[in-house]
Every structure is written in structure tokens, then in C-alpha cells.
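Here's the structure, in C-alpha cells; my notes come after.
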There are 2 protein chains.
Amino acid sequence: MPGGRPRAFDADNALDRALEVFWRHGYEGTSLADLTAAMGINKPSLYAVFGNKEQLFGKVLARYLEGPGAYAADALAAPTGREVIERLIRGAVDLTAGETTPHGCLCVNSVHACGPDAHAVRQDAIAVRKAGEAALRRRLEQADDLPSRYEPAALAALVHTISDGLAVQAAAGRSPDELRQIGELALCALLTEGPHHIE
Amino acid sequence: MPGGRPRAFDADNALDRALEVFWRHGYEGTSLADLTAAMGINKPSLYAVFGNKEQLFGKVLARYLEGPGAYAADALAAPTGREVIERLIRGAVDLTAGETTPHGCLCVNSVHACGPDAHAVRQDAIAVRKAGEAALRRRLEQADDLPSRYEPAALAALVHTISDGLAVQAAAGRSPDELRQIGELALCALLTEGPHHIE
DNA sequence: TTAGCTATGTACCGTTCGGTACAAAACTAG
DNA sequence: CTAGTTTTGTACCGAACGGTACATAGCTAA
């Protein structure tokens, strides 16, 4: 029934290419010319399939969360609170310092896209971040193995903050090895029990 | 001897206006029109006094470091290692969540300016960051009051990372109060001694 | 083959970008 | 007043931006 000329590219594959470019160069640093070149299509095709640049970024962000960023949601399924946090921090290191992927985190990058056209994109990224932290807080509320000095909400915010810091460090060019050391040290600081009373 | 028409604006004041705009909207998110409007001058005056956009940003970055960012260098003069770190973290919170200043950190923002024209600016920001962390490391090497699990270089990197995370949180709209709580909790995690052996 | 549909490639739109040429304006030195 | 110097305002430059009109190519259904 539909007929018509068949599409000459794979939409999912093109979306992955767009993800790569947005991740590496940021929302505002990526032009439509960059996108079409990387995706191997022309502008009319891009608009027909993905909408405008802003809408395309929305789809890229969703794909980022269910692809490279899926470690975060997966980590919440770990059996103990400590393991949840360990997997989050180590996952952040692996994601942001990956050898084959751009350094840094697409979501953290997007928070810093402050141009006049990027307002909606920024709000999207912030919403995603809020939702992620809320999920972590709910998970930590059900853990009983964490150092007693922590309130779940505050600990979730701190873990989120450290994860953000790792993304910045990666974006600033810190080597994967160094980043891994920082992550491990952060875990050590986070998960060490406070001083026991002697005797 | 020189003569000539007198300048109709104060260069230092104009630089502060430029700092405000760059801080709030980022390097790439700020246009020359934004700058001239905020500084109250026209483009030829801007170019005559500050050079092009990239050179202007360099001067803005220097002013940022010796103005709002001076807390970081000052903190190194604190008497103990713990106080150095406390002042750094609390200073980062105050800087990035200031009521009268833009949220976030100009230097962290600039690391995420990934457009084609922003390469030099990004390298400037990274150089500043490296120098700051090196100074912190040297200071921590001379402290003897820090938890024994820390190597100075690793601790300096972790403090830097947490400071970056706070800047991201501020840029993402976290309230000053929440940010303060996160900072205090980070200090608690960083500076708490490891478990003592019981008896 | 033909009609109808969708995707493709090209060529273009108006706007905004960073940057500059140029003349009028405002000062100092003589 | 005049000559020389520097800043100011305006008007403009070529390039790149996001986005689109339009004709053609390539398919399906009859």
C-alpha cells in the first residue's frame, strides 16, 4: 500500500552517528553540516526522519540513556547499597574515559550548552539528571549497608556530584588510568566507615 | 604628547561586564553583540582595547582567576591540610552558587566549549586547571594532618574532581542550600579517618 | 505502462556570526 | 586656528548557521 522510494540509510545507525557527533562536539558545537556528513545523509532526509536539530538531539539523548548510559539504571539493581555506588562510580569512569567513545558525558556537556537556542536541550538534560538522581535516592533508601552518617537523599546527591566531577575531568583530558584512580579513591572515601569508638 | 580622543568607558569595568556575560552564557553562547551590549561599547572599541573574541576571553579568564576564583589560591595558605581542603570545597560552593553571580564555574563551562572556534579557549581553561591542581598537590605534600590513606597527588585530583562536580550541580540549577549540604557531606567523607582497630 | 508516493540531491532562503573600513568626533601639542 | 592622534558610531563584509522549495529518482500497486 505505501510504496514510495525506499530509504537509503538505516535510521538507527544514523542516530548512532549523530550521538557520536553530539557527544564529541556538544549541541551548539555541532552544525547540521557536521551531522549530515557523519550520518551520511542530507538535510531534507534528516528533517524528514528526525525533525529539526533540537528534536534530533532529544532522540539522541534518549538513545544515549538506553545505550552508553544504561549502566546507571542497571547499577540500581545491585544487591547492596555499596555495590550500587561502586557500579555507578566505576561505570561513570568507564563511560567518560572510554577509548572508543568521546571523552566526557553527553548529559553533563549539555548542561553547559548555554546559548540562546540551547535552552530546551539544557532543560531536557537537567530533567534526565533529576530523574536519575531520584531513582538513586529511592534505591539508597532501601539499603542498610551504608555508613550511618549518610541520609539517602544527601548521599545520592553526593554520588551524583562525584560522577559529574569525573565527567568534567574526562572532558578536560584526564587519562583513563588517572580517572580510574580518582574513582577508586572516591569510593574509598565514600564507603569507609567513620571512626569507631575505641573500647 | 599622545593626545587623541579620550576613551569613553572604563576598561576594567567593561572587562567585568564581559566576565559576567561569558560566565553566564559560555564562550560559544556569547556573541559579540551580547558583549558590546553588556559592556556598553561598540565592536571597534572592543577590538582596539581587548583584541578579538578569543583574546578577550583570555583576559576575562585571567580576571576570573584573580577575582571570583581567588579563593582557590588563597585557600592554599591555610595552616593545615584539612583547612585547605575545607576552604576549597566551601569556596567552590560559594563561587558557583553565588546569589549575584551566574551559576557554575567559568573554567568548568569553558572545558565544555567544544565548537571548532573554541579550541584555544578550551586549552586555556585546561591549562589553568592543571596549574591549580599542581599547586594544590604541592601544598598537600607538605601537610601531615590528612587521613593516612591519601597520597597527595591523588587527594588533590579527588578534591579537584569534587569541586568540578559542585560546579556542574550549580550549573544544573541545584539550590545554594542543597549545594552547601553536598559540600559539607563531601568534606565529611573526605576528612573522616578510616576505621580504627577496636582494642 | 502508468499513476501515485516517498526519498534524494541541489540549490537556495533569511539570519546571525566574527571581524573590519571609513568617516566624523573629540582630544593635545604647537 | 591648525595639524596630528585616537576613539567613536555606522555601515558593511564574507562565511556559516538552521531550515526549506523543488525537481528528480526509485519504488509499489494496478
Side-chain angles (χ1 to χ4, degrees), chain A residues 1-15 17-19 21-22 24-61 110 113-122 124, chain B residues 1-15 17-19 21-22 24-61 110 113-122 124:
Chain A
M1 179 180 15
R5 179 172 177 173
R7 191 174 292 158
F9 63 95
D10 178 61
D12 281 346
N13 193 289
L15 199 57
R17 306 295 187 100
L19 167 56
V21 181
F22 272 133
R24 189 176 302 278
H25 296 117
Y27 179 74
E28 311 193 69
T30 301
S31 69
L32 284 189
D34 295 333
L35 288 168
T36 55
M39 300 165 87
I41 64 179
N42 354 31
K43 284 193 269 185
S45 300
L46 191 156
Y47 274 79
V49 177
F50 302 106
N52 64 15
K53 187 184 177 185
E54 194 173 303
Q55 295 167 322
L56 170 59
F57 185 86
K59 295 176 193 195
V60 160
L61 186 58
S110 304
C114 299
D117 305 334
H119 191 252
V121 158
R122 196 166 158 267
D124 283 354
Chain B
M1 180 177 20
R5 181 172 175 170
R7 190 173 294 158
F9 63 94
D10 178 61
D12 282 346
N13 194 289
L15 198 57
R17 306 296 187 100
L19 167 57
V21 181
F22 272 133
R24 189 175 303 276
H25 297 117
Y27 179 74
E28 311 193 68
T30 302
S31 69
L32 284 189
D34 295 333
L35 288 168
T36 55
M39 299 166 87
I41 63 180
N42 345 14
K43 285 194 268 186
S45 300
L46 192 158
Y47 274 79
V49 176
F50 302 107
N52 64 14
K53 188 185 177 187
E54 194 174 302
Q55 295 168 321
L56 170 60
F57 185 87
K59 293 175 202 222
V60 161
L61 186 58
S110 305
C114 299
D117 306 333
H119 190 252
V121 159
R122 196 167 158 266
D124 282 355

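Within every chain, numbering begins at 1; the chains are lettered A, B, ... in the order of the sequence lines, protein sequences first and strands thereafter. As the structure is a prediction and not an experimental result, all values here were calculated from the model.
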Would you say A:Asn52 reaches D:dG18's phosphate, i.e. side-chain N/O to OP1/OP2 under 4.0 Å?
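For A:Asn52, the contact criterion (side-chain N or O under 4.0 Å from OP1 or OP2 of D:dG18) is not met.
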B:Ser45 side-chain N/O to D:dT7 phosphate OP1/OP2 under 4.0 Å:
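So the side-chain polar atoms of B:Ser45 never come under 4.0 Å of the phosphate oxygens OP1 or OP2 of D:dT7.
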Between [X] (side chain) and [Y] (backbone), is there a donor-acceptor pair under 3.5 Å?
{"X": "B:Asn42", "Y": "B:Pro44", "value": "no"}
{"X": "A:Asp124", "Y": "A:Val121", "value": "no"}
{"X": "B:Lys53", "Y": "B:Tyr27", "value": "yes"}
{"X": "A:Glu28", "Y": "A:Cys114", "value": "yes"}

Whole angstrom is fine here: how far is it from [atom1] in [X] over to [atom2] in [N]?
{"X": "A:Lys43", "N": "C:dC13", "atom1": "NZ", "atom2": "P", "answer": "13 Å"}
{"X": "A:His119", "N": "D:dG18", "atom1": "NE2", "atom2": "C1'", "answer": "20 Å"}
{"X": "B:Asn42", "N": "C:dC22", "atom1": "CG", "atom2": "C1'", "answer": "14 Å"}
{"X": "A:Asp10", "N": "C:dA7", "atom1": "CG", "atom2": "C1'", "answer": "15 Å"}
{"X": "A:Leu35", "N": "D:dG19", "atom1": "CG", "atom2": "C1'", "answer": "13 Å"}
{"X": "B:Asp117", "N": "C:dT16", "atom1": "CG", "atom2": "P", "answer": "18 Å"}
{"X": "B:Glu28", "N": "C:dT16", "atom1": "CD", "atom2": "P", "answer": "19 Å"}
{"X": "B:Met39", "N": "D:dG9", "atom1": "CE", "atom2": "P", "answer": "14 Å"}

Parallel, tilted or perpendicular: which describes the rings of A:Phe57 and A:Phe22, with under 30° parallel and over 60° perpendicular?
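It falls in the perpendicular class, over 60°.
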Using a cut-off of 4.0 Å on non-hydrogen atoms, how would the nucleic acid contact of [X] be classed: base, sugar-phosphate, or nothing?
{"X": "B:Pro44", "answer": "base"}
{"X": "A:Thr30", "answer": "sugar-phosphate"}
{"X": "A:Ala8", "answer": "sugar-phosphate"}

Could you check B:Arg5 against B:Lys53 and say which one's nearest nucleotide on DNA chain C is further toward the 5' end?
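Going by which nucleotide is closer to the 5' end, it is B:Lys53.
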Closest-nucleotide 5' rank along DNA chain C - winner of B:Tyr47 and A:Phe9:
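By nearest-heavy-atom nucleotide position, the 5'-most residue is A:Phe9.
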Tell me which nucleotide among C:dC27, C:dA7, D:dC27 gets nearest to the side chain of B:Pro6.
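Of the candidates, C:dC27 comes closest.
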